[in-house]
**Q** 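Dumping the structure here so I can ask a few things about it.
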Amino acid sequence: MWRRALVAVSLIGAAGAALAIDYRSVSVPAAILYDAPSQAGKKLYLIKGQTPVEVVVRLEGWHKVRDAEGTLAWIEAKNLTDKRTLVVTAAKAEMHQSDKVESPVLLELDKWVAVDWLEAAAPGWVKVRHRDGATGYIRSTQVWGL
């Protein structure tokens, strides 16, 4: 009986790990996205550096990724990094000094601006760093890549 319970718990844990979302960021100034996992595939568009993507399929040397708009495409794995970034999806996002609405606003960020993910904060908030070095908190509903 204990063995069955142990096996069941192991399978549940493995299933949870398999469902974990894998976000990466583009590590080169610009990368080509393709319709197939090959340089012979149709070139769809360029994606700029530091843009976060969700990896949905892995093949040798290639990753099928989803971007913030939901588009699926293939990218060479060498053009991605484990470094975590987020992209602003709201028309404007406010970076606050702390994870409280009433805290001072440090920056206003335009849509599609990338920021470095630092850590989770209070529910509904995330701690980020802007490329100019400013560090603060943004509402998690205003960014993609979490």
Side-chain angles (χ1 to χ4, degrees), residues 7-146:
V7 169
V9 169
S10 297
L11 290 174
I12 290 169
L19 297 175
I21 297 176
D22 182 13
Y23 288 104
R24 306 284 173 99
S25 301
V26 177
S27 62
V28 294
I32 301 170
L33 291 171
Y34 297 87
D35 71 344
S38 167
Q39 288 183 348
K42 180 181 175 188
K43 294 176 183 177
L44 300 175
Y45 59 95
L46 291 175
I47 190 167
K48 68 180 183 174
Q50 294 188 317
T51 301
V53 292
E54 175 191 356
V55 176
V56 294
V57 176
R58 288 184 194 89
L59 292 178
E60 190 171 326
W62 291 87
H63 291 327
K64 188 171 194 175
V65 296
R66 181 185 340 267
D67 66 14
E69 294 179 305
T71 304
L72 291 169
W74 291 92
I75 188 170
E76 290 184 83
K78 68 181 182 180
N79 292 329
L80 297 178
T81 179
D82 291 341
K83 182 180 176 186
R84 192 83 180 267
T85 60
L86 306 174
V87 67
V88 174
T89 53
K92 290 275 186 198
E94 295 178 336
M95 181 188 293
H96 289 261
Q97 187 173 359
S98 72
D99 55 6
K100 308 248 183 299
V101 177
E102 61 276 0
S103 71
V105 175
L106 302 174
L107 290 174
E108 275 195 5
L109 304 174
D110 292 325
K111 189 171 187 172
W112 305 124
V113 169
V115 292
D116 294 333
W117 178 86
L118 298 178
E119 63 188 44
W125 293 86
V126 62
K127 187 173 183 180
V128 298
R129 180 178 32 248
H130 186 264
R131 68 178 168 260
D132 72 1
T135 299
Y137 298 82
I138 295 180
R139 288 180 174 264
S140 58
T141 57
Q142 296 180 322
V143 293
W144 184 86
L146 294 171

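FYI, the numbering just counts along the sequence from 1.
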**Q** Let me know which of L46, V65, L72 forms a side-chain contact (heavy atoms from CB on, under 4.5 Å) with L33.
**A**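 Among L46, V65, L72, the one meeting side-chain contact (heavy atoms from CB on, under 4.5 Å) with L33 is V65.
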**Q** Using 0.5 Å steps for rounding, measure from the CG atom of L86 to the CG atom of L146.
**A**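 Taking CG in L86 and CG in L146, the distance rounds to 5.0 Å.
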**Q** Using the rule given for side chain to side chain contact (heavy atoms under 4.5 Å, CB included), can you reason through D110 versus V88, listing the C-alpha separation, both sets of side-chain angles and the distance that settles it, and then say yes or no?
**A** CA-CA 7 Å; D110 292 325; V88 174; over 6 Å; no
**Q** Does the distance from a Lys or Arg side-chain N to an Asp or Glu carboxylate O, for D82 and R84, drop under 4.0 Å?
**A**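 R84 and D82: not salt-bridged.
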**Q** Side chain to side chain contact (heavy atoms under 4.5 Å, CB included), that's the test. Do V55 and V57 meet it? Break it down for me.
**A** CA-CA 6 Å; V55 176; V57 176; over 6 Å; no
**Q** Work out which heavy atom in W74 is nearest to a heavy atom in L59; give both atom names and the distance.
**A**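 Reported closest heavy-atom pair: CH2-CD1, 3.6 Å.
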**Q** Check whether N79 reaches the backbone of V26 with its side chain - one donor and one acceptor, N or O, closer than 3.5 Å.
**A**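 No.
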**Q** Is atom NZ of K111 surrounded by more than 12 heavy atoms (other residues, nucleotides or ligands) closer than 6.0 Å?
**A**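 Yes, the 6.0 Å shell around NZ holds more than 12 heavy atoms from other groups.
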**Q** How long is the gap from CE on M95 to CD1 on I138, to the nearest 0.5 Å?
**A**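 One gets 4.5 Å once the value is rounded to the nearest 0.5 Å.
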**Q** Using 0.5 Å steps for rounding, measure from the CD atom of E76 to the OH atom of Y34.
**A**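 If I round to the nearest 0.5 Å, the distance is 5.5 Å.
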**Q** Consider only side-chain N and O atoms of T85 and S25, and report whether a donor and an acceptor are under 3.5 Å apart.
**A**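 A pair is found: one side chain offers a donor N or O, the other an acceptor, under 3.5 Å apart.
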**Q** Return the set of residues passing salt bridge (Lys or Arg N to Asp or Glu O under 4.0 Å) with K83 (not counting sequence neighbours), or none when no residue passes.
**A**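 D116.
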**Q** Scan for side-chain hydrogen bond (donor to acceptor under 3.5 Å, both in side chains) pairs involving residues 130-146, sequence neighbours excluded, and state none if there are none.
**A**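 Applying side-chain hydrogen bond (donor to acceptor under 3.5 Å, both in side chains) to every pair that reaches into residues 130-146, excluding sequence neighbours, yields H130-D132.
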**Q** Compare all side-chain heavy atoms of K127 with those of W117 and state whether any distance is below 4.5 angstrom.
**A**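 No, their side chains stay 4.5 Å or more apart.
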**Q** Sequence neighbours left out, what pairs pass side-chain hydrogen bond (donor to acceptor under 3.5 Å, both in side chains) with at least one residue falling in residues 60-70?
**A**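 Residue pairs passing side-chain hydrogen bond (donor to acceptor under 3.5 Å, both in side chains), neighbours aside: Y45-D67, E54-R66.
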**Q** If you round to the nearest 0.5 Å, how far is CD of E108 from CD of E94?
**A**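 If we round to the nearest 0.5 Å, E94:CD and E108:CD are 5.5 Å apart.
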**Q** Closest heavy-atom contact between A121 and D99?
**A**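 Looking at all heavy atoms of both residues, the closest pair is CB-OD2, 3.8 Å.
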**Q** Can you name the closest pair of heavy atoms from L118 and R129 and give their distance?
**A**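 Smallest interatomic distance, heavy atoms only, reads CD2-NH2, 3.5 Å.
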**Q** For V87 and T51, what are the C-alpha separation, side-chain angles and deciding distance, and is it a side chain to side chain contact (heavy atoms under 4.5 Å, CB included)?
**A** CA-CA 7 Å; V87 67; T51 301; 5.6 Å; no
